[in-house]
S.K.: 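I'd like to ask some things about the structure below.
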Amino acid sequence: MAEPKELTEVADLKEVWKASEESPVLLFKLSTTCPINAEAFKEYTTFLNNDDVNRDAYFVKIQDSRPVSDKIAEELQVQHESPQLFIIKDGEQVWHTSENITAEKIVEALEEV
């Protein structure tokens, strides 16, 4: 089981990129005012609670940490959306989605990478 770590400063992204050199990490961006985002985040945490692998997992609250969200979009060269889930490996996104985020979809994505 992994406990997701909130990223609040742009400098926190260094930890994400470094951790991704060891194994794929999960990075979730969400709006705290949208019920669709809340449901997707619930699915994300459900996956993490049931995951047998102790993987690194992170999240960014867009309204609270806009510079972090913007830097993620810039670094990964992916247009900002919310909710948005990335799998990062070796400092690059190898998978991402902003639609229908479910625990099952995360399992399938990790099997692909």
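From a predicted model like this one, the values you see are computed outputs, not experimental measurements.
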S.K.: In Å, rounded to the nearest 0.5 Å, how long is the span from CG of L85 to CG of N100?
M.R.: 12.0 Å
S.K.: Treating Ile, Leu, Val, Met, Phe, Trp and Tyr as nodes and any side-chain heavy-atom pair under 4.5 angstrom as an edge, say whether V10 and L7 lie in one connected cluster.
M.R.: yes
S.K.: Can you measure from CD (Q93) to CD1 (I87) and round to the nearest 0.5 angstrom?
M.R.: 9.5 Å
S.K.: What heavy-atom pair brings I62 and S69 nearest, and what distance separates the two atoms?
M.R.: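 So the minimum-distance heavy-atom pair works out to CG1-OG, 4.0 Å.
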S.K.: Among all residues two or more places apart in sequence or in another chain, which pass the ring pair (Phe, Tyr, Trp, His ring centres under 6.0 Å) test with F28?
M.R.: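 If we apply the ring pair (Phe, Tyr, Trp, His ring centres under 6.0 Å) test to F28, skipping adjacent residues, the hits are F41, Y44.
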S.K.: Give, for atom CD of E39 and atom SG of C34, the distance between the pair rounded to the nearest 0.5 Å.
M.R.: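 Answer rounded to 0.5 Å: 11.0 Å.
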S.K.: Taking the side chain as everything from C-beta on, heavy atoms only, tell me whether I88 gets closer than 4.5 Å to V94.
M.R.: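 With C-beta onward as the side chain, the pair stays apart.
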S.K.: Are the side chains of Q63 and T33 in contact, using a 4.5 Å heavy-atom criterion?
M.R.: yes
S.K.: For the side chain of T97 and the backbone of E99, is there at least one donor-acceptor N/O pair under 3.5 Å apart?
M.R.: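 Yes; at least one donor-acceptor contact below 3.5 Å.
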S.K.: Output all residues satisfying side-chain contact (heavy atoms from CB on, under 4.5 Å) with E9, sequence neighbours left out; order by chain, then residue number.
M.R.: D12
S.K.: Rounded to the nearest 0.5 Å, what's the gap from NZ on K105 to CG on L110? Could you check?
M.R.: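 It is 13.0 Å, given to the nearest 0.5 Å.
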S.K.: Are L27 and H96 side-chain neighbours, meaning at least one heavy-atom pair lies under 4.5 Å?
M.R.: no
S.K.: After noting the C-alpha distance and the side-chain angles of V113 and K89, does the key distance pass the side chain to side chain contact (heavy atoms under 4.5 Å, CB included) rule?
M.R.: CA-CA 9 Å; V113 300; K89 185 170 174 27; 5.6 Å; no
S.K.: List the atom of I101, the atom of A40, and the distance in Å for their closest heavy-atom pair.
M.R.: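 Heavy-atom minimum between the residues: CB-CB, 4.0 Å.
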S.K.: Pair up each side-chain donor or acceptor in residues 17-25 with any protein partner under 3.5 Å, not counting sequence neighbours, and list the distances.
M.R.:
{"unit_1": "S20", "atom_1": "OG", "unit_2": "W17", "atom_2": "O", "d": "2.7"}
{"unit_1": "S20", "atom_1": "OG", "unit_2": "D90", "atom_2": "N", "d": "3.4"}
{"unit_1": "S20", "atom_1": "OG", "unit_2": "G91", "atom_2": "N", "d": "2.7"}

S.K.: Identify, with sequence neighbours excluded, every residue that meets side-chain contact (heavy atoms from CB on, under 4.5 Å) alongside E6.
M.R.: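 side-chain contact (heavy atoms from CB on, under 4.5 Å) check on E6 returns T8, F59, K61.
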S.K.: If hydrophobic clusters are built from ILVMFWY residues whose side chains come within less than 4.5 Å, do W95 and L30 share one?
M.R.: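 Per the 4.5 Å side-chain linkage, W95 and L30 are co-clustered.
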S.K.: Under 4.5 Å between side-chain heavy atoms, hopping through other hydrophobics if needed: is there a path connecting F86 to V68?
M.R.: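 Per the 4.5 Å side-chain linkage, F86 and V68 are co-clustered.
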S.K.: Measuring from atom CD of Q79 to atom OG of S98, what distance do you get when rounded to the nearest 0.5 angstrom?
M.R.: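 Reported to 0.5 Å precision, the distance equals 9.0 Å.
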S.K.: Who pairs with E108 by side-chain contact (heavy atoms from CB on, under 4.5 Å), at least two apart in sequence or on another chain?
M.R.: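 With neighbours one apart ignored, the set is empty.
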S.K.: Side chains of K29 and S82: any donor to acceptor distance under 3.5 Å?
M.R.: no
S.K.: Is there a path of hydrophobic side-chain contacts, each under 4.5 Å between heavy atoms of I/L/V/M/F/W/Y residues, joining Y58 to V78?
M.R.: yes
S.K.: Please say whether more than 12 non-hydrogen atoms of neighbouring residues, nucleotides or ligands are located less than 6.0 Å from CD in E81.
M.R.: yes
S.K.: Going hydrophobic residue to hydrophobic residue with side-chain gaps under 4.5 angstrom, can you get from F47 over to I36?
M.R.: no
S.K.: Considering only heavy atoms from C-beta outward, does the side chain of I106 approach that of T102 to under 4.5 Å?
M.R.: no
S.K.: Could you pull out all residues at least two apart from H80 that satisfy ring pair (Phe, Tyr, Trp, His ring centres under 6.0 Å)?
M.R.: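 Partners of H80 by the ring pair (Phe, Tyr, Trp, His ring centres under 6.0 Å) criterion come out as none, since no residue qualifies.
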S.K.: Rounded to the nearest 0.5 Å, what's the gap from CZ on R66 to NZ on K71? Could you check?
M.R.: 15.5 Å
S.K.: Within the distance-only criterion (no hydrogens, no angle test), does the side chain of T45 pair as donor or acceptor with the backbone N or O of K42 below 3.5 angstrom?
M.R.: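 A pair under 3.5 Å: yes.
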